[in-house]
Amino acid sequence: MIRKVQIKDAAQIAEIYNYYVLNTIVTFDQIPFTVKEFEEKIAAIASSFPYLVFEENEEILGFAYANVWRTKPAYKHTVESTVYIKHTAFGKHIGTKLYTELLQLLKEQDMHVVIGGLSLP
């Protein structure tokens, strides 16, 4: 099930994200985030943009959100997208499902451009 994020999801989201911080280069972060830091991040982003989680049996298996791309007025209809899937949950098309819902919500917010960055190991 895909639903809007809640602050109580921060611990599971941090666990998903921090796996990538500790085991890959894809986040460009080097220090894991605390649950409190994710609570603050969720509150800040979800107040303006869609922030979704994919939940199965009360376990979050992935999350996706949009955020500001650049602050200049010309970019007011442009956002950056982020998606992370729990490293043990690949192959279920969770990312596709999250992106489909995220893009629909962004269209409803009159966003014209969605930018995503990828990195390779």
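Quick caveat: nothing in here was measured; it's all calculated off a predicted structure.
Of all heavy-atom pairs spanning V79 and A66, the tightest one is CG2-CB, 3.9 Å. Contact record, I42 with I13: CD1-CD1, 3.9 Å, taken as the closest heavy-atom pair. Shortest non-hydrogen contact noted between I115 and W69 is CD1-CE2, 3.5 Å. Scanning all heavy atoms of the two residues, the minimum distance from P32 to L22 falls at CG-CD2, 3.5 Å. Heavy atoms only, all atoms of each residue included: A46 and Y51 are closest at CB-CB, 4.2 Å. The shortest heavy-atom contact between G62 and I16 is N-CD1, 4.1 Å.
In this structure, CD1 in I2 is found 7.5 Å from NZ in K97, a value given to the nearest 0.5 Å. A distance of 9.5 Å separates CD of E55 from CD of E59, quoted to the nearest 0.5 Å. With values rounded to the nearest 0.5 angstrom, I85 atom CD1 is found 11.5 Å from I60 atom CD1. Within the model, atoms CD of E101 and CG of L106 stand 10.0 Å from one another, a figure rounded to the nearest 0.5 Å. Distance check: T100 OG1 to H93 NE2 gives 11.5 Å after rounding to the nearest 0.5 Å. Distance CD/E37 to OH/Y17: 11.0 Å, rounded to 0.5 Å.
In this structure, K86 forms no cation-pi arrangement with Y19, as its terminal cationic atom is not both closer than 6.0 Å to the ring centre and no more than 45° off the ring axis.
Q30 CD: 12 or fewer foreign heavy atoms inside a 6.0 Å radius.
For the pair S48 (side chain) and I45 (backbone), a donor-acceptor distance under 3.5 Å is absent. The backbone N or O of D110 sits less than 3.5 Å from a side-chain atom of H77, completing a donor-acceptor pair.
Of the charged side-chain nitrogens involved, none lies within less than 4.0 Å of a carboxylate oxygen, so that K8 and E39 do not count as a salt-bridged pair. Salt-bridge annotation for K36 and E40: present, with a side-chain N of the basic residue lying under 4.0 Å from a carboxylate O of the acidic one.
Side-chain contact between I31 and V21 is absent, with no heavy-atom pair separated by less than 4.5 Å. The side-chain heavy atoms of L105 and F49, taken from C-beta on, include no pair separated by under 4.5 Å. Residues L52 and F63 have side chains not in contact (no heavy-atom distance under 4.5 Å, counting atoms from C-beta outward).
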* To do: Quick one: do Y20 and I25 satisfy side-chain contact (heavy atoms from CB on, under 4.5 Å)? Show the steps, please.
  => CA-CA 7 Å; Y20 291 98; I25 61 160; over 6 Å; no
Chi angles and distances behind the salt bridge (charged side-chain N to carboxylate O under 4.0 Å, His left out) call for R3, D9:
CA-CA 11 Å; R3 62 169 174 79; D9 299 327; 2.8 Å; yes
Legend entry - Chi angles and distances behind the salt bridge (charged side-chain N to carboxylate O under 4.0 Å, His left out) call for K92, E56: CA-CA 11 Å; K92 297 182 177 190; E56 186 176 87; 3.1 Å; yes
message = Show, in sequence, the C-alpha distance, side-chain angles and deciding distance for V113 and Y75, and conclude whether the side-chain contact (heavy atoms from CB on, under 4.5 Å) test is met.
response = CA-CA 9 Å; V113 178; Y75 293 108; over 6 Å; no
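Not counting sequence neighbours, F90 has no partner by the ring-ring contact (aromatic ring centres under 6.0 Å, His included) test. For the side chain to side chain donor-acceptor pair (under 3.5 Å) test, no residue two or more places apart in sequence or in another chain qualifies with N67. Not a single ring-ring contact (aromatic ring centres under 6.0 Å, His included) links F54 to another residue, sequence neighbours left out.
Y65 and S81 form no side-chain donor-acceptor contact under 3.5 Å, judged by distance and modelled atom types alone.
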